[in-house]
There are 2 protein chains.
Amino acid sequence: MKIDGIDKIIIRRLVKDARTPVLSIAREVGISGAAIHQRLRKLEKSKLIDGYKMVINPKALGYTTTAYVGVFLDSSSQYSSAIKRLKEIPEVIESHYTTGNYAIFIKILCKNNEDLMYLLNKDIQNIKGVSRTETFISLDQQIDRQITI
Amino acid sequence: MKIDGIDKIIIRRLVKDARTPVLSIAREVGISGAAIHQRLRKLEKSKLIDGYKMVINPKALGYTTTAYVGVFLDSSSQYSSAIKRLKEIPEVIESHYTTGNYAIFIKILCKNNEDLMYLLNKDIQNIKGVSRTETFISLDQQIDRQITI
DNA sequence: GATGAAAGAGATTGTTC
DNA sequence: GAACAATCTCTTTCATC
């Protein structure tokens, strides 16, 4: 898959605003809308583009606390069953199987510290195989972006 | 800001695919396109919607390694200057000021382990105030989603 | 809040170069 | 790859309910 300068402009515009009309990009680039359209279809068929998403502001829903939690498992064989349970907790928005101290590393969103405590002590600690957790609360996020094209 | 069932349908459809036409949502819900359009404008004006983004698949660009890095600072007064330097590293896609052991906690994307090593040992370790780092490499990501509406 | 209508803008496709 | 043109669909606004 070769990506030229025009493709990069298309991608950068749509990463910024996924609802940007193809014709508006066409006018910026200086080629026809049909040509931009054709390129976009090609980019979508390649695996480069994963989709288009509306971004929700969690704060507007009252989710003011972001935290990362390192989860220790008694045995790594309990990974898949633990993940299954974590998927049922809507506040868990990312999960990783990681090298290092933890077995599972998750990102969670909570409305307040009480909810966070409940989530940690009840929802997560009660998952079979989870021995203990280690929590990092994000007090300030300064960088949040996608990889540069 | 009150969100009713129709708003939820609008949001859920656009979270899935931000380029879904308003009229397509209108047909699903059973009200006019103009009404959906009006609701969407209102949702956009509230701070609930943060925007619309094309999602890039980093793997398609060769970024196969995701890692989290805890960064220790000599002094927390070096936070803002360190962030400034981290912003210049395109592989750093998230940064958090966190409670717990680390001062800064970042998410990075790398093409391979060599790049990761270079990033840690050169780019990050050379930032003034950084004493040491602790790295967790993600071997498997099972959950990646937004908060449920 | 919702509607329908209307005008303008955009998407999409086939043909041609 | 891109352009052009035709057609269809969507967006946006406005008067009305």
Side-chain angles (χ1 to χ4, degrees), chain A residues 1-63 90 111 145-149, chain B residues 1-63 90 111 145-149:
Chain A
M1 185 77 206
K2 279 175 286 182
I3 305 286
D4 68 8
I6 294 177
D7 292 325
K8 285 185 185 175
I9 294 174
I10 296 171
I11 292 168
R12 286 184 190 140
R13 287 276 311 249
L14 291 171
V15 164
K16 249 194 213 161
D17 180 5
R19 284 178 81 82
T20 307
V22 164
L23 280 176
S24 149
I25 303 172
R27 283 188 294 266
E28 181 188 335
V29 175
I31 65 175
S32 73
I36 298 287
H37 183 262
Q38 209 171 292
R39 280 167 174 268
L40 188 54
R41 289 293 155 275
K42 206 167 145 190
L43 288 168
E44 283 168 352
K45 265 173 206 152
S46 82
K47 294 299 169 195
L48 181 57
I49 297 178
D50 233 15
Y52 305 91
K53 296 208 180 308
M54 173 192 270
V55 184
I56 300 298
N57 174 11
K59 284 197 180 74
L61 291 169
Y63 291 88
K111 296 198 174 185
R145 60 189 177 196
Q146 289 194 61
I147 204 70
T148 309
I149 300 254
Chain B
M1 185 74 206
K2 280 174 286 183
I3 306 286
D4 69 8
I6 293 177
D7 292 326
K8 284 185 186 174
I9 295 174
I10 297 171
I11 292 169
R12 285 185 190 138
R13 287 274 313 249
L14 291 171
V15 164
K16 249 194 213 160
D17 180 4
R19 285 178 80 81
T20 307
V22 164
L23 279 177
S24 150
I25 302 172
R27 283 187 294 266
E28 182 189 335
V29 176
I31 64 175
S32 73
I36 299 287
H37 182 263
Q38 212 172 287
R39 279 166 174 269
L40 188 53
R41 288 293 155 276
K42 205 168 145 190
L43 289 168
E44 283 168 352
K45 265 173 207 151
S46 82
K47 296 297 170 198
L48 182 57
I49 298 178
D50 233 15
Y52 305 91
K53 296 209 178 311
M54 173 190 271
V55 183
I56 299 299
N57 175 10
K59 283 197 180 73
L61 291 169
Y63 290 88
K111 297 200 172 184
R145 61 188 176 197
Q146 290 194 61
I147 203 69
T148 309
I149 302 252

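Atoms considered below: every heavy atom in the structure, side chains included; atoms not considered: hydrogens, waters and symmetry mates. Letters go in sequence order (proteins before strands), and every chain restarts at 1.
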- Has A:R19 got a side-chain N or O lying under 4.0 Å from the OP1 or OP2 atom of C:dG10?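 Negative; the distance criterion is not met.
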Could you give the [atom1]-to-[atom2] distance, from [X] to [N], as a whole number of Å?
X	N	atom1	atom2	value
A:L23	D:dA6	CG	P	17 Å
B:D17	D:dC10	CG	C1'	15 Å
B:I10	D:dC10	CD1	C1'	16 Å
B:R27	C:dT3	CZ	C1'	17 Å
B:K42	D:dT13	NZ	P	17 Å

- Task: Nearest 0.5 Å please: distance from the CZ atom of A:R12 over to the CD1 atom of A:I25.
- Result: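 One finds 13.0 Å between CZ of A:R12 and CD1 of A:I25.
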- Task: Output the distance between atom CD1 (A:I36) and atom OG1 (A:T20), rounded to the nearest 0.5 Å.
- Result: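 Between A:I36 CD1 and A:T20 OG1, I get 12.0 Å after rounding to 0.5 Å.
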- Task: Using a 4.5 Å cut-off on heavy atoms from C-beta on, say whether the side chain of B:I10 contacts that of B:V22.
- Result: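 With C-beta onward as the side chain, the pair stays apart.
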- Message: Would you say that B:V15 contacts B:I149 through its side chain, given a criterion of any heavy-atom pair below 4.5 Å between the two side chains?
- Response: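 No, their side chains stay 4.5 Å or more apart.
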- Can B:R39 and B:D4 be counted as an ion pair, charged N to O under 4.0 angstrom?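 Looking at B:R39 and B:D4, the cut-off is met.
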- Identify the heavy atoms of A:M54 and B:L40 that sit nearest to each other, and give their distance.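 The answer is CE-CD1, 4.1 Å.
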- Message: Can you list, in residue-number order, the parts of residues 30-41 of chain B that come under 4.0 Å of DNA chain C, counting heavy atoms only?
- Response: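 Going residue by residue through residues 30-41 of chain B, the ones with a heavy atom under 4.0 Å of DNA chain C turn out to be B:I31, B:S32, B:A34, B:A35, B:Q38, B:R39.
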